[in-house]
Amino acid sequence: MLVPGSAVLRVWLYTPPADLRKSFDGLSALVRQKLAEDPASGQLFVFINRRRTQLKVLYFEQGGYCLWSKRLEAGRFYVDGRGGDRRMLSWTELKLIIEGIDLSSLRRFKRFEKGRNHSLGRPEKV
């Protein structure tokens with residue numbers, strides 16, 4: 001399983017289909033040109049092929065690039081490609097995509113978010 005360092009701040013999904021014959025240099029160029037991000041920033045960049053049967057994750061750790069790949073023998077990865085060339089994912093969303101769970105069919109429940117005004121014991125007014 002994919003286990004990058006604990007310093008990962010963001011996970012970016014490149015939503016258009018990617019040519020996964022590309023390796024380190026090709027995918028890092030895609031990150032620079034299409035996502036306008038620095039591939040050596042420590043963030044994770046996720047790419048999925050046109051048939052949605054293969055996924056690659058590019059990230060940079062101390063000392064060099066890492067590339068994690070998964071090819072499905074049956075089924076597809078479920079991602080929503082609408083809304084631009086990139087989408088920020090949480091670590092949990094990435095794990096759900098890898099496990100074959102469609103994120104659009106999930107129901108999200110309210111959770112604590114750091115920085116929001118929360119009062120103890122009282123429901124938050126929205």
Side-chain angles (χ1 to χ4, degrees):
M1 178 58 198
L2 173 70
V3 186
S6 61
V8 172
L9 300 175
R10 291 191 176 130
V11 178
W12 290 105
L13 171 66
Y14 180 67
T15 55
D19 179 3
L20 294 189
R21 294 175 292 181
K22 295 179 181 181
S23 189
F24 300 97
D25 295 332
L27 292 175
S28 62
L30 195 60
V31 169
R32 278 189 204 94
Q33 294 170 1
K34 299 293 184 176
L35 298 177
E37 293 286 341
D38 177 16
S41 64
Q43 302 176 79
L44 272 68
F45 300 97
V46 181
F47 304 92
I48 298 177
N49 68 344
R50 185 174 308 280
R51 293 185 300 155
R52 296 185 180 182
T53 58
Q54 191 173 357
L55 173 140
K56 283 190 177 181
V57 179
L58 176 73
Y59 59 100
F60 190 86
E61 283 191 340
Q62 188 176 23
Y65 284 104
C66 299
L67 190 62
W68 187 86
S69 180
K70 182 171 184 174
R71 184 187 74 188
L72 298 177
E73 296 299 319
R76 296 177 186 265
F77 292 109
Y78 296 97
V79 293
D80 184 10
R82 295 174 289 177
D85 282 353
R86 67 181 185 169
R87 180 175 160 212
M88 189 158 56
L89 300 174
S90 68
W91 183 251
T92 303
E93 288 172 324
L94 175 59
K95 290 191 297 185
L96 292 173
I97 289 171
I98 291 171
E99 291 300 320
I101 298 171
D102 183 6
L103 298 179
S104 65
S105 66
L106 296 177
R107 180 175 173 202
R108 296 184 187 273
F109 293 94
K110 185 177 178 182
R111 294 286 186 257
F112 175 80
E113 291 180 30
K114 188 175 181 178
R116 292 186 78 187
N117 187 11
H118 296 278
S119 59
L120 298 174
R122 295 189 179 112
E124 183 178 336
K125 294 181 181 178
V126 179

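Here the structure is a predicted model, which means the values were calculated and not measured.
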S.K.: Grab the two heavy atoms, one from T53 and one from G75, that are nearest each other, plus how far apart they are.
M.R.: CG2-O, 3.8 Å
S.K.: Quick check on the hydrophobic clustering: are F60 and M88 connected, directly or via other members, by side-chain heavy-atom contacts under 4.5 Å?
M.R.: yes
S.K.: Indicate yes or no for a side-chain donor-acceptor contact from R76 to the backbone of R52 under 3.5 Å, with no hydrogens or angles considered.
M.R.: no
S.K.: Rounded to the nearest 0.5 Å, what separates atom CZ in R21 from atom NZ in K56?
M.R.: 10.5 Å
S.K.: Whether R86 and E37 form a salt bridge (side-chain N of Lys/Arg under 4.0 Å from carboxylate O of Asp/Glu) is what I want to check.
M.R.: yes
S.K.: So, does D102 use its side chain to make a donor-acceptor pair with the main chain of Y78 at under 3.5 Å?
M.R.: no
S.K.: Can you tell me if T15 uses its side chain to pair, donor with acceptor, with the backbone of G84 under 3.5 Å?
M.R.: yes
S.K.: Assess the residue pair V31 and L27 against the criterion (side chain to side chain contact (heavy atoms under 4.5 Å, CB included)); give the C-alpha distance rounded to whole Å, side-chain angles, the decisive distance to 0.1 Å, and a yes or no.
M.R.: CA-CA 6 Å; V31 169; L27 292 175; 5.6 Å; no
S.K.: Can V11 be reached from V57 by stepping across I, L, V, M, F, W or Y side chains whose heavy atoms are under 4.5 Å apart?
M.R.: yes
S.K.: Measuring from atom CZ of R87 to atom CH2 of W12, what distance do you get when rounded to the nearest 0.5 angstrom?
M.R.: 11.0 Å
S.K.: Measure the CG-CD1 distance between L13 and I48 for me, rounded to the nearest 0.5 Å.
M.R.: 5.5 Å
S.K.: Working note: V46 + I97, criterion side chain to side chain contact (heavy atoms under 4.5 Å, CB included); need CA distance, chi angles, decisive distance, verdict.
M.R.: CA-CA 10 Å; V46 181; I97 289 171; 6.0 Å; no
S.K.: Parallel, tilted or perpendicular, judged at 30° and 60°: which one describes the rings of Y14 and F47?
M.R.: tilted
S.K.: Can you name the nearest heavy-atom pair linking R32 to Y65, along with the distance?
M.R.: NH2-OH, 3.8 Å
S.K.: Calculate, to the nearest 0.5 Å, the distance between atoms CD and CG belonging to Q54 and L72 respectively.
M.R.: 9.0 Å
S.K.: Closer than 4.0 angstrom, basic N to acidic O: yes or no for K95 and E93?
M.R.: no
S.K.: Roughly how far apart are L30 CG and K22 NZ, rounded to 0.5 Å?
M.R.: 5.0 Å
S.K.: Side-chain contact test, heavy atoms from C-beta onward, threshold under 4.5 Å: evaluate it for W68 versus L44 and give yes or no.
M.R.: no
S.K.: What's the separation between atom CG in L58 and atom CG in L67, rounded to the nearest 0.5 Å?
M.R.: 6.0 Å
